[in-house]
Number of protein chains: 2
Amino acid sequence: MIKYIGQTRILVAVDCIIFGFDGFDFKLLLIQRGFAPEKKKWSLMGGFIQPEETLEVAANRVLMQLTGLKDVYLEQLQSFSGPDRDPVERTIAVAYFALIDIHKYEKQISHEYHAEWFLLKDMPQLIFDHQEMVELAKKRLRYKAALHPVLFELLPDKFTIPQLQALYEGLYETEFDKRNFSRKILSTGLLVKQNEKDKEGSRKGAFYYKLDKRKYSENFQAFLKFIPNPDKFLV
Amino acid sequence: MIKYIGQTRILVAVDCIIFGFDGFDFKLLLIQRGFAPEKKKWSLMGGFIQPEETLEVAANRVLMQLTGLKDVYLEQLQSFSGPDRDPVERTIAVAYFALIDIHKYEKQISHEYHAEWFLLKDMPQLIFDHQEMVELAKKRLRYKAALHPVLFELLPDKFTIPQLQALYEGLYETEFDKRNFSRKILSTGLLVKQNEKDKEGSRKGAFYYKLDKRKYSENFQAFLKFIPNPDKFLV
DNA sequence: ACAAAAGTGTTCGTTCTACACCCATGC
DNA sequence: GCATGGGTGTAGAACGAACACTTTTGT
């Protein structure tokens, strides 16, 4: 199976930046590395690509191993290729970021990896170039969420508008005007109001909404500037 | 240097999607593959990553080999990892797209690779999954150019507004209103009007403009929706 | 004098932003 | 009855889209 002669073959790993949102804060799922080097240091969950796997399959496998979840939002972020990024042996890492509903996770946690959720604002130091990966993932997610309704992936089936707003505010580390926010969100037509209220957050209670899944997938690509009718072109 | 035991090492290549614009049409620089398999078929320019190289360095090297150009706009597109994408041996490809000033190229062409420019709309069949890479690169470029002034990378030092408009129209395969287009472009403040005119395209002649390089790098990230003042957040 | 492309302004509708009060409820 | 967070409306500014005529010059 080795046929291109004189070329160097190297290890290829996937690393997953796993985002969650607990209703108040953005969080990241990290593991405590179980083997040297950097044993016991915090790290992204990762794994080497196997002979018959694509990177996507490998990333989904790694995510499944840690969280027990399938069909998670997963997007290729970038490849990292510094020749010395892994001190043991040259390894190219392809980073993926995942958005999961943190509540679905909590019930299925695998203890094998000593995984823990950390506040995005208050993370431990990470091994290798994982810090850089997280920074890039954050940037990419901010970018993406400004244009596409991707953050719903972090929410449970039913959620309230104040929760949604807290989610956006967490990501952008700022506050938004709630009148303008809810108007904008509702004007997308993606949300379906429920009759039930969430009474956790306040005495009055906030109405639950559900995502209109059909409109969500149809309208996932949307919004722009610079070009007259940009939506047309950005399929 | 082999220390992670039991893992498979594989080849990693970079492939470059090289865009150019000749004043009228979008073009792609392809090479005729000089070795089996698929010898003589058209292909993207690529190469295997070398032991001490990052992917970025490898992509720049490959681009330099073909075009003689350095300091070219180059952006990582995505990794392609189908286990059988290269029939010879498993290879992961990291695709990069490059934007070059086609006029700078023409003087330095290397004949070694039998390279040729093809109209983007009228391309030959490509080997492996290169077609898919090109499609994705086109999509990404459309997306990016709708938000950021990246297309200037394709133009020579001096260019006219009608040329610029033709460039945008080529990418989006549509026509724009020239009054709105020039107003929008000029309102960015990125262009500096020259006294000289280009008389090629018309009797009246069109004024040349140059890019204000400082403002260009400062304002490269810009424009949005969904979030009140998105520019603030998308650094 | 005419053909061909360059250049420029206005109006209208939509969207964005800033801003303040009432409502429902549990204690 | 009051404290807490939920929910809603409006006015002014900025932006985006549609649209047509004049200018320059080479032949």
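Since we're looking at a predicted model, the values are computed, not measured. Below, read A as the first sequence line, B as the second, and so on, with proteins coming before strands; counting in each chain starts at 1.
- A/Arg179 contributes no side-chain N or O that forms a donor-acceptor pair with the base of C/dA18 under 3.5 Å.
- The shortest distance between side-chain heavy atoms of A/Met133 and A/Gln78 does not fall below 4.5 Å.
- The nearest whole Å value for the distance from the NZ atom in A/Lys184 to the C1' atom in C/dA18 is 13 Å.
- When the side chain to side chain contact (heavy atoms under 4.5 Å, CB included) test is applied to B/Val62, the partners found at least two apart in sequence or on another chain are B/Val14, B/Cys16, B/Met45.
- Residues A/Leu99 and A/Phe152 fail the side-chain proximity criterion, which asks for heavy atoms closer than 4.5 Å.
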Could you list the protein-to-nucleotides 3-5 of chain D atom pairs, N/O on both sides, closer than 3.5 Å?
none

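- Remark: A/Arg61 engages A/Glu53 in a salt bridge (charged side-chain N to carboxylate O under 4.0 Å, His left out) (not counting sequence neighbours).
- Among residues two or more places apart in sequence or in another chain, the side-chain hydrogen bond (donor to acceptor under 3.5 Å, both in side chains) test is passed with B/Glu196 by B/Lys158.
- Between A/Tyr168 and A/Phe176, a ring centre-to-centre spacing not shorter than 6.0 Å is recorded.
- Remark: aromatic rings of B/His148 and B/Tyr73 are distant, center separation not under 6.0 Å.
- You'll find a donor-acceptor pair under 3.5 Å spanning the side chain of B/Arg183 and the base of C/dG9, going by distance alone.
- Residues forming a ring pair (Phe, Tyr, Trp, His ring centres under 6.0 Å) with B/Tyr209 (at least two apart in sequence, or on another chain): none.
- The nearest whole Å value for the distance from the CG atom in B/Leu186 to the C1' atom in C/dA6 is 13 Å.
- Atom pair A/Tyr208:OH and D/dG6:P shows a separation of 13 Å (rounding to whole Å applied).
- Rounded to an integer number of Å, the gap from CG of B/Asn180 to C1' of C/dG7 is 14 Å.
- In this structure, A/Phe159 atom CZ and D/dG6 atom C1' are separated by 16 Å, rounded to whole Å.
- Note: CZ (B/Phe181) to C1' (C/dA6) measures 14 Å, nearest angstrom.
- Using a cut-off of 4.0 Å between Lys/Arg side-chain N and Asp/Glu carboxylate O, B/Lys121 and B/Glu173 are scored as not salt-bridged.
- Protein atom CZ of A/Phe176 is 16 Å distant from nucleotide atom P of C/dC19, rounded to whole Å.
- Atom C1' of nucleotide D/dG6 and atom CG of A/Asp177 are separated by 14 Å, given to the nearest angstrom.
- Near DNA chain D, meaning a heavy atom under 4.0 Å from it, residues 191-199 of chain A has no residue at all.
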